[in-house]
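Input: a single structure, listed below in structure tokens.
All chains are named by letter (A, B, ...) in the order of the sequence lines, taking the proteins before the strands, and each is independently numbered beginning at 1.
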Amino acid sequence: MSNMLNVSSSPHLRSSHTTGREMYNVILSLLPATIFAVFHFGLYTLLVILCSIASCMATEFVFNMITHRKNSLTDCSAVVTGILLALVIPPSIPLYAPILGGVFAILVTKCFFGGLGQNFMNPALAGRAFLLISFGKVMTDYSYDTVSGATPLAQLANGETIDILDMFLGHAMGHIGVSICALLIGAVFLLVSGTITWEIPVSCIAVFLVMMGLFGGQGFDPMFLAAHFCGGGLVLGAFFMATDPVTSPMTRTGQLIYGALIGGLAALFRFYSGMADGMSYAIIISNLIVPLLDKYIIPVPWGVGAKGQVYNPDEKKKGFTVPKSALILMVITAIAGAALAGVYAMTKTTIDANQEAKKLQAYAEVVPGGETFEYDETITAAIEGFGGAVYGDGAFGKAYINEVAVAKDASGNVVGYGISATTMDGYDGEISMAVGMDTDGKILGVSFTVLNETAGMGMLVNEESWRNQFQDKQVDSFVLLKQGGSTADNEIDSVSGASTTSGAVVNAVNAAIDFYKNYLAQ
Amino acid sequence: MPDRKQGARSAAGLRSKGTEAVLNDRSGIGPGGSLNSMFEKGKHMSYKFRGGVHPKPNKELSADKPFETLLPKGEMVYPISQHIGKPARPVVKRNDEVLAGQLIAEADGFVSANIYATVSGKVKAIEHRRTSAGVPADCIVVTNDGKYNTVAGIGEECDPDTLTNSEIIDRIKMAGIVGLGGAGFPTHVKLSPRNPEEIRWIIANGAECEPGITCDDRLMRERPEWVIEGMRCVLRLFDKAKGIIAIEDNKPEAIEAIEEALEGDDRISVMTLQVRYPQGSERNLVHAATGMYMESGALPASLGCIVDNVWTLAAIYRAVCFNEPLMEKGFTVTGEGAVNPGNFLIRIGTSVSEVLEAAGGTTEDTKKILLGGPMMGMAIPGTDVPLVKANNALYCMTEDEVEIAEGQQTNCIRCGRCIRSCPLGLSPQLMLQAAERNDLDRFIALHGLDCIQCGCCTYTCPARRPLVPVFKLFKPRAMAYNRMKQQKEGNK
């Protein structure tokens, strides 16, 4: 029997690219970034990465076992998801996060939809989004080894200066895949080995940079663009996440549009959203548009529609049709992007006016005697002197003093100050408030302008009874009592179960008092 | 019959002269068409096309082995259907004595072809025999007496100048010539288009893009004059036409030999093609020559082209100028599994086992034997099948190679490689989806019927999806369905 010949249908040759080999290439290409991360952030980070990989693999294995499917671990796609998920979470995150994220990524986005090739969005990014929604605090805490601070992008958004070379090399705060240099080495390998093609990363990064240049407010300043190129998840997303074959279009035209869409959305998110970086959401949203792109962009075979053509030697050869349609669609995307930005620019004055009005209303609320609110030049200059840095060198956490309005009564006498303060230590990031003070430094009232805390918990700080704890008190600084039962003037009861939010608010109010003492008290 | 050794020597001698003069002689092609502009850009600009793949060419196994003439010893088997169209009608009976070059089955209708005995001997039977397709078919079996006595009159020289156009076509038809590149379409039909005055290009297909096969290459190196004289015979039929010999640029010796032998003929020129599979597909060559894509379902003649394999042209030359029927052709035995890969001149009807033996047999780990190249060839179930007119190679694959090719399937990962690689610009992934859902309308709407089954999509698929195998099964159904639909519409 052994000498019988095999019979099969042609072709009898296959290229060396297999699904497993593709995944293997991606793993190889991610190694430089992973190894760098372990050296940079420490061994705990290695544990995070391993947990993520193990969780992804175990989830797939168990699911296949329970549903009696063929073991699909050999295609290595679970390992890729595990590494990618690890690269987009903070380095010192508690281990339950990568484990839960991996389970969600594999189980919900991949296995439930039919396994390899059937997931509707990038599993690793879905896992990240899941973690970000569920564990906002740990997912935005980028501190490691007692080093803490803001990510370069957050610093950039706050107007601080950053070192682009450090960002490029990866000596910065950020998620585990922070080294742009190491990522680019992997990206070159992916391109050279033919695992990915140039269309998606090139159109994504090009559109991103053009949008940044046009609407970023700083023109095509190379340093500014370089900072945004190196910051956040742009490189990781453009080369490793967006190019995931399963969730990207199959045709070249589709890929160009898809890449442009990601680049455009990422740029819009960086400027016009509360998040410092929206690359992962840009990719997830574009993933959802892929089926549409693939439905409507079906390549027209060469020669179709050429009915009845007779060769005419005088007629010049026509250009390629595919790049042309790609160009048209690119132009449409660019116009749509420009229109979005234009609408924003047009409505910006109204939005600004509304925000100004809201702020004034808040000031009026916290300084009851004030009739008019004015800005004092010396005070404004003092605030500008901080250069957008954290107030008090971190003594009040990540608290910022934004501006101070001087309240005057009808006859023009100064009756108090409205101090606008922001803290980034809220459970969900930013909390902004107006603190009203009379000329003696007595707190008149506290009113929130930005508050996105957990409903029923952190949001309770907005209750009048809680806010009133500050009212009419003149102290050096407030102290938060987590257990409650305050007696002294300077003691504030924490909202039950929301000590993070309460603490952040207390810190911000303390910052305002400190500012009063240093700059406003005569 | 021309002296083969003589031809080989003269070609070898000519090759040493250098090629500059020939390279400059590329201006005369096409009345201001794309070829002109293409060649103006650079001296050696090879034609490229969209799509395609790069399998390992694997030509080195047999490219430097000259043709060996292989005289068959065992019994000869002639299937009566060796071409596209109606099977030929046997004109001999059991126990008839036949000579080499004697007509044993004649064309039945216009689209059909004559079949000749290629050895002398006795008709043993007319019966069902296994053929390379795997199913038994009617065959004429001749026992070989080993004398190779030939019918009188074969090999008589004839000056084509004395022949009229219809006499040339008659000679081609009589000789039973069909497309020798693999399709087997009767050549006299191809040379009688409805619009003879619009034919501008006769394209000799010497691309030989299938991995491993070298018999076209060897023909052009050893007998460039056969190809060129064959081309001249065809050019006589079409006043306005120019000849193009299309060769992939990994065959510099062949290009050189042809260019030398052309001696500055301003009606025929060489077109080099970039090495890429499937450069030798008809649609591709027509695009290379005209810069235009053939309409879906059209014939090359609609764009003023006629495409013939170089071996077909050689057969035309021998039929027209030497009154020789199609009895013999070049054949390559190659692949990792062949002990002594090489090129042979075989007589049609020889059994595969005999040819394999001549090439030293196969290695022990040979697991698959292909009739044709590894991209489009057919795996044969056994070696007891005869070679027919359109066969051009035996490719022996070892166990390891087979294992690599038949590796594990995974789900489609939607990478789009099949779409990029399709030389026709089709969307194989969507076509496979349609076929798997049994959606005939969708398959037809995706132009699935245009698929030439070149295998690029399947070659490149990382998930090892069975694209071409499914299309092969699904296409005939879709075609039947399409015809039925058109008939229904016609009835309304």
Side-chain angles (χ1 to χ4, degrees), chain A residues 3-23 72 74-75 77 114-118 194-197 244-252 254-255 290 294 298-318 320 322, chain B residues 30-34 50 53 55 134 200 211 287 290-296 303-304 367-370 374-382 397 402 404-407 410-416 419-420 424-427 429-430 446-447 450 453 455 458-460 462-464 466 468-469 472:
Chain A
N3 58 0
M4 280 184 76
L5 294 173
N6 277 22
V7 181
S8 69
S9 178
S10 67
H12 306 283
L13 283 185
R14 300 300 183 101
S15 77
S16 55
H17 274 281
T18 62
T19 306
R21 164 90 175 268
E22 304 270 283
M23 300 298 167
S72 54
T74 46
D75 64 36
S77 60
L116 177 70
Q118 305 293 315
T195 313
I196 62 170
T197 51
D244 170 22
V246 178
T247 49
S248 63
M250 294 187 294
T251 60
R252 191 166 292 185
Q255 289 175 349
V290 165
D294 271 344
I298 294 174
V300 180
W302 325 146
V304 166
K307 230 174 174 61
Q309 74 177 3
V310 177
Y311 180 67
N312 177 4
D314 301 326
E315 195 184 343
K316 283 211 167 164
K317 225 164 111 179
K318 282 192 183 137
F320 290 148
V322 170
Chain B
S34 58
R50 280 188 276 168
V53 291
R200 287 173 181 279
H287 181 251
T290 64
M292 298 183 81
Y293 290 110
M294 271 160 68
E295 186 192 316
S296 160
L303 289 179
K367 201 68 197 151
K368 212 187 227 181
I369 297 179
L370 310 174
M375 289 301 284
M376 285 187 82
M378 200 189 304
I380 51 174
M397 294 178 80
V402 173
I404 291 169
E406 293 175 0
T410 67
N411 286 353
C412 170
I413 55 168
R414 294 172 24 86
C415 62
I419 296 176
R420 278 168 193 249
L424 303 184
L426 299 174
S427 309
Q429 197 260 359
L430 300 176
L446 288 166
H447 302 277
D450 287 359
Q453 299 161 9
T458 320
Y459 171 84
T460 191
R464 299 278 189 262
V468 167
K472 275 186 180 169

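Only the side chain of B:Met397 has a heavy atom closer than 4.5 Å to any heavy atom of chain A. Only the side chain of A:Thr197 comes within contact range of chain B, with heavy atoms under 4.5 Å apart. Only the backbone of B:Cys412 comes within contact range of chain A, with at least one heavy atom under 4.5 Å from a heavy atom of that chain. Within the 4.5 angstrom heavy-atom criterion, only side-chain atoms of B:Ser427, from C-beta onward, approach chain A. For B:Leu370, the part lying near chain A is the side chain, with the backbone staying farther off; criterion is any non-hydrogen pair under 4.5 Å. For B:Pro55, the part lying under 4.5 angstrom from a heavy atom of chain A is the side chain only. At a 4.5 Å heavy-atom cutoff, A:Ser72 makes no contact with chain B through either its backbone or its side chain.
For chain B, the option among A:Glu22, A:Gln118, A:Arg21 with the highest count of heavy-atom pairs below 4.5 Å is A:Glu22. Of the listed residues (A:Asp244, A:Asp75, A:Ile298), the one with the most heavy-atom contacts under 4.5 Å to chain B is A:Ile298. In terms of heavy-atom pairs under 4.5 angstrom with chain A, the leader among B:Pro462, B:Gly377, B:Ala463, B:Gly416 is B:Pro462. Comparing A:Gly117, A:Gly115, A:Pro11 by how many heavy-atom pairs each has under 4.5 Å with chain B, the most go to A:Pro11. In terms of heavy-atom pairs under 4.5 Å with chain A, the best-connected choice from B:Ile369, B:Val402, B:Leu426 is B:Ile369.
B:Tyr293 is listed as a side-chain neighbour of B:Arg50, based on a closest heavy-atom distance under 4.5 Å. A 4.5 Å side-chain heavy-atom check between B:Pro211 and B:Met375 finds at least one atom pair inside the cut-off. Between A:Pro301 and B:His447 the shortest side-chain heavy-atom distance falls below 4.5 Å. Counting heavy atoms from C-beta on, the side chains of A:Ser9 and B:Lys472 come closer than 4.5 Å.
Remark: side-chain polar atoms of B:Thr410 are not paired, donor with acceptor, to backbone N or O of A:Thr19 under 3.5 angstrom. Side-chain N or O atoms of A:Gln255 include one that pairs as donor or acceptor with a backbone N or O of A:Pro249 at under 3.5 Å.
Screening A:Thr195, A:Leu116, A:Thr18 against A:Met23 for a side chain to side chain contact (heavy atoms under 4.5 Å, CB included) leaves a single residue, A:Leu116.
Minimum interatomic distance between A:Ser248 and A:Asp294 (heavy atoms only, all atoms of both residues): O-OD2, 4.3 Å.
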